[in-house]
Amino acid sequence: MRRKILGMVILLVLLASVGAGAKPTIRYATSWLQRVGGSEWEKQIYAYADAVKDKVTFKWEITQGDDLRTKIKTDLAANNLPDVFNYWTRGSLKTMVDAGKLMEVHDYLKNSKVVKWEDFPFDDWAAYSLDGGKNVYGFPIEGSTAFMLANKKLFAKYNLKYPKTEAELLAVSKVFNANGIVPLAIGSKGGNPAHFWVGEIFYQLAGDAQGQGFTNGTVKYTTPEMLRTAQLIEEQRKAGVFPKDTLANGDFGPAVALYNEGKAAMIMSFPWMISTFSKDIVAGSDYIYAPAMPGAKNLPTSFIVGGANHGLVVNAASYKDPAKQAALTDFLDFFLSDKQMNLLASTLGLWVDKNMTLDEKMLSPLYVMTGKGVRGKNLWINLWTRMPDPTTAEVFSTAADELWAGTITPQGYVDEVQKSLDDYFASNR
Amino acid sequence: MDLYLSTGESRLKRRSLATLKYAFLVFLVILNLVPFAWTLLSSIKDTNEILANSLALPHGVVKWSNYPMAWIGGHLAHTFFNSVMVAGTAVIIILLFSSMAAYIVARVKPSLLLYSFFTMGIMVPVHALLVPLFVETNFLHLTNSRLSLIVIYVAVNFSLCFFILYGFLKTIPNELEEAATIDGASRSRTFFRIILPIAKPGLATVGIFALITCWNEYLIPLVMVTDYAKFMLSQGVALLNAQNNVDYGLLCAGVSISAAPVVVLYILFQEQVIKGMTAGALKG
Amino acid sequence: MSLRKGAGSFTVAFLAPGLVIYVAFVVLPVALSLYYSLTNWNGVGPQRWVGIHNYIKMFSQDPKYWTVVKNSFFLVGLALIVQNPMGIFLAYLVSRTKHGYKLFRSIYFLPVVISASATAVMFSVIFNNQVGPFNQLGKFLGVSFLNVNWLSDPATVLPVVASVQVWQYMGIQFVVFLAAVQSIPSDIIESALLDGASSVRMLFSIVVPLLWEVVQICVIWTVTGALKAFDHAWLMTWGGPGIASTYLPVYMFRMAFKESSFSYGTTIAMSILVFSLVFTVFFKRFMSRSTDQF
């Protein structure tokens with residue numbers, strides 16, 4: 001028995017080492033594959049892998065949604081980072097960048113015959129940089145541009161107008177609640193999508209510069225504008241603006257589910273959800289801007305909360321590996337090509353950050369509607385992305401859950417996030 | 001079952017107690033079945049209807065298409081196969097290894113040290129082991145493999161299975177082994193040919209506990225296996241509940257599909273299942 | 001005695017497979033976890049030794065930890081108070097039931113075979129106040145107390161999540177006790193009947209004491225299982241809102257895998273181990289004084 005086990009172990013080790021000498025294997029970890037319903041973008045990825053299968057073996061590691069973050073963190077801890085993977089921006093990257101795990105994009109750009117530095121807007125490159133754009137560690141692909149929709153029929157049914165101020169928001173909420181309709185489908189689970197609303201209100205009261213201050217510690221989270229934001233949110237919660245079962249209806253999917261079925265009058269949603277809105281509901285909706293909060297310094301019609309949120313990063317060690325470099329360069333050339341970006345936008349509905357004109361014929365009506373609404377507005381980065389590191393981002397998210405569920409006071413909310421920020425800056429100066 | 005009825009109780013009291021008893025039992029049946037019934041009902045509805053019309057039968061279209069969509073979208077075919085393969089293999093290995101070890105400690109070389117050492121594992125929360133396990137499987141070049149899952153499942157269930165089998169094996173009379181030795185049987189022969197067959201009920205109990213545990217595992221495969229071709233059933237179902245999901249009917253269909261085979265197997269084999277747990281519990 | 005001759009190589013051969021896997025994949029990781037808990041490690045880079053700093057932080061500087069402990073104890077309590085007594089009681093009832101005996105037995109065990117993740121997903125939809133049936137049921141019956149945000153209201157989320165777990169695993173206690181009840185030698189029952197014992201008295205003075213061994217095993221299993229509970233809480237609410245439905249393993253997972261504080265996460269895991277150990281030791285000691293030998 002023992003000899004058999006020993007034999008198996010030796011065999012396994014041999015097999016593993018033999019495998020390493022042959023053609024390279026590229027591990028790509030993502031949440032964009034194997035979506036329910038599939039997509040043309042996905043088909044093209046598989047077609048590409050098939051076309052190059054004599055030179056490279058691709059391994060797909062698929063996890064949906066935020067579980068991808070968990071997977072990458074585990075991989076990181078076990079020193080088993082994939083070769084190329086999707087990941088978030090700014091603070092999320094801190095641990096990996098500090099440890100030198102990610103490839104700096106210029107290493108690839110100088111090898112690429114297809115993609116140039118100018119292909120992406122500087123602000124988006126900056127999203128993948130921790131030093132203002134000098135060193136960039138990823139390709140900004142997906143934007144988190146928020147948009148708001150209002151259900152035409154519901155508003156008409158109760159003879160209401162789209163709210164332009166907070167007072168109007170509270171007033172229409174009263175009517176909707178009395179009739180069993182959720183006024184604004186924003187719940188909170190793991191901070192989603194609630195934190196975008198926090199950002200929307202905060203930026204009205206304070207502005208983008210303060211948001212930047214959170215990242216480098218020059219502005220405290222307990223700043224009066226944030227406290228006021230939390231108070232306004234509590235006021236809205238008490239007035240029934242949000243779904244009452246905030247956790248169960250939190251996160252992106254359930255909110256759209258409510259809106260699609262006409263159970264919610266308004267919604268704030270995001271590009272990655274565009275493909276889940278039903279055609280009928282889109283045809284029956286109007287694009288609206290958020291209502292203006294009392295004391296707003298910046299009009300809601302002047303800015304959009306969003307910013308490059310997600311994209312592609314490459315394992316530095318993998319790129320340095322001569323066996324893998326050519327394969328990775330080729331894969332990136334394909335992945336970042338205009339054709340694939342078009343498919344990403346049209347079939348996955350993602351908000352593409354690359355400097356290119358998307359083929360409008362291929363885009364969904366909602367995508368086009370959102371594009372029009374965003375044109376010419378300031379794009380201010382959502383607050384989650386502004387958190388300096390993964391730990392503070394998590395605390396920020398769970399604190400939103402508590403604020404939405406009413407288990408924490410506005411002061412408690414800002415204090416909790418501030419404490420996490422304090423801890424971070426104390427150990428990172 | 002009239003054995004339990006004492007002659008002293010009056011007929012009326014018996015009748016009313018009996019009614020009460022049945023009412024209570026039926027209430028619990030409802031409690032146990034209603035969640036499944038509701039899920040099945042919702043699985044053939046449009047999300048719209050679930051939201052509007054939660055309790056009744058579908059008014060409009062019966063959305064049978066939820067099932068094929070869930071089947072494909074949740075990758076339920078190959079995840080089910082993976083789960084069966086991994087859980088099945090793991091259970092066989094667990095039964096073998098834990099019974100062998102329990103036999104030694106129970107009958108051949110009793111040792112309090114070994115007993116305590118082996119049963120300590122019952123208290124260990126598997127989630128605490130996730131990162132070290134990940135590091136180890138990486139080291140052995142077993143990342144992202146079903147083999148790593150099998151090995152881990154064996155390890156984390158070892159303690160409980162050892163514990164149950166130990167109790168079981170201890171009750172077998174010594175005469176059996178002595179008789180076998182007199183007949184000239186080798187030790188392993190004795191074990192495999194004589195002891196194990198007698199221990200069948202205990203093995204059945206342990207096997208069922210282990211099977212259910214391995215089948216239900218969610219977190220370990222979530223962290224260990226990310227190659228979607230190797231996903232377990234629990235991960236397949238979770239794919240349907242992804243953050244971007246907006247279709248509750250689809251979700252209910254997926255849950256129904258993933259539960260159905262187990263339920264069918266259970267209905268077919270319930271006699272054996274319960275007999276096994278029955279016998280195991282007595283000796284354990 | 002003949003049993004001891006030649007025990008050497010046989011013993012080793014039979015112990016080896018289990019021992020190797022157990023040590024490699026349980027004992028060694030526990031040791032590694034212990035090591036991580038004594039360092040300051042965020043998942044990447046070197047691990048810096050900090051001694052018992054994490055433990056001090058956990059026990060005295062983290063109020064959330066104690067709330068989570070309280071939540072875990074709530075689950076343990078609920079399981080002990082509902083699962084075990086209900087299991088015994090149901091087993092006793094069903095053992096005395098002629099009609100539908102098999103049906104009851106099958107149905108009560110059914111929830112156990114469904115995977116925890118499927119169950120959790122199912123109940124997260126059922127308890128969703130907007131989507132699930134409770135709200136509509138309440139309207140139908142004309143009562144308002146069913147209109148509760150089960151999973152968002154901090155007052156209800158913990159009981160609800162805990163109940164789902166208890167609901168799912170009650171069948172195991174039931175079947176185990178059923179078997180045990182049916183194994184009680186019939187002559188004991190007969191003599192009790194001849195003495196004129198009522199069925200209720202029978203349950204408490206005869207059945208329960210004879211099942212004591214089984215009860216002990218079930219209690220240990222229930223408690224250690226409850227202390228390790230993860231799936232339901234995680235899949236229904238992520239432990240939220242905040243930490244309202246967070247058990248110790250959920251808290252550990254959030255710390256280690258969401259906040260990248262692997263050291264702190266393993267510290268929490270170690271505390272789970274300690275709680276289980278302390279309970280098991282005390283329980284065994286307490287019980288050893290009252291075993292019934294007949």
Side-chain angles (χ1 to χ4, degrees), chain B residues 1 3-4 6 8 21 25 29 32-33 35 38-39 50-51 54-55 97-98 100-101 103-104 108-109 121-125 127-129 131-133 151-152 154-156 158 177-178 181 187 212 215-216 218-219 234 237-238 241 248 251-252 255 258-259 262 266 270 274 277-278 281-282 284, chain C residues 2-3 7 10-11 14-15 17-18 21-22 25-26 29-30 32-33 93 96 98 104-108 110-118 121-122 125-126 131 133 136-137 175-176 179-180 183 189 193 196-199 214 217 224 228 230-231 249 252-253 262 266 269 272-273 276-277 280:
Chain B
M1 297 290 163
L3 208 55
Y4 291 93
S6 110
K21 182 180 77 175
L25 289 176
V29 166
N32 272 296
L33 287 184
W38 187 84
T39 306
I50 300 178
L51 287 174
S54 209
L55 300 172
F97 287 10
S98 58
M100 281 160 60
Y103 179 63
I104 298 289
V108 175
K109 200 169 180 1
I122 297 178
M123 296 176 286
V124 175
H127 324 97
L129 310 177
V131 175
L133 280 175
V151 168
I152 292 173
V154 170
V156 302
F158 183 77
E177 275 148 318
E178 286 169 16
T181 324
R187 290 182 166 285
I212 293 177
W215 186 263
N216 286 351
Y218 168 65
L219 187 57
S234 43
V237 175
N241 193 29
Y248 288 112
L251 184 58
C252 289
V255 169
S258 68
V262 184
Y266 169 69
Q270 60 173 302
I274 299 199
M277 295 207 52
T278 296
L282 300 193
Chain C
S2 55
L3 277 175
F10 173 72
T11 305
F14 262 46
L15 276 180
I21 291 199
Y22 180 67
F25 294 100
V26 175
V30 169
L32 269 176
S33 282
L93 281 186
R96 293 184 46 173
K98 244 194 317 195
F104 289 128
R105 201 185 56 176
S106 327
I107 292 182
Y108 294 153
L110 188 62
V112 178
V113 301
I114 312 295
S115 85
S117 54
V121 164
M122 186 170 77
V125 179
I126 291 178
V131 178
Q136 301 213 359
L137 184 66
V175 163
V176 168
S183 74
I189 306 295
L193 285 174
S198 79
S199 33
V214 181
I217 294 179
T224 50
K228 296 197 278 184
F230 176 83
D231 296 12
M252 182 225 83
F253 184 76
F262 284 102
T266 45
I272 301 177
L273 204 72
S276 304
L277 191 63
T280 309

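Quick note: numbers below take in every heavy atom, side chains included, and nothing from hydrogens, waters or symmetry partners. Order of the sequence lines sets the chain letters (A, B, ...), proteins ahead of strands, with each chain counted from 1.
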Between the CD1 atom in C/I107 and the CG atom in B/L33, the distance rounded to the nearest 0.5 Å is 4.5 Å
Atom CG in B/L133, atom OG in C/S33: separation rounded to 0.5 Å? 8.5 Å
Measuring heavy-atom distances to chain B, does C/Y108 have an atom under 4.5 Å in its side chain, in its backbone, in both, or in neither? both
Against chain B, label C/T224 side chain, backbone, both or neither, depending on which of its atoms sit under 4.5 Å from a heavy atom there. side chain
Nearest heavy-atom neighbours spanning [X] and [Y]:
{"X": "B/A155", "Y": "C/F25", "value": "CB-CB, 3.4 Å"}
{"X": "B/V124", "Y": "C/K228", "value": "O-CD, 3.4 Å"}
{"X": "B/V151", "Y": "C/I21", "value": "O-CG2, 4.0 Å"}

Does any backbone or side-chain atom of B/I104 lie under 4.5 Å from a heavy atom of chain C? Answer side chain, backbone, both or neither. side chain
For C/L32, all residues meeting side chain to side chain contact (heavy atoms under 4.5 Å, CB included), sequence neighbours excluded: B/P132, B/E136, C/Y36
Sequence neighbours excluded, the answer for side chain to side chain contact (heavy atoms under 4.5 Å, CB included) partners of B/S98 is B/I94, B/F158, B/C161, B/L165
Residue among B/A101, B/S234, B/P35, B/C252 with most heavy-atom pairs under 4.5 Å to chain C: B/P35
For the backbone of C/F14 and the side chain of B/Y103, can you confirm whether one donor and one acceptor N or O come within less than 3.5 Å of each other? no
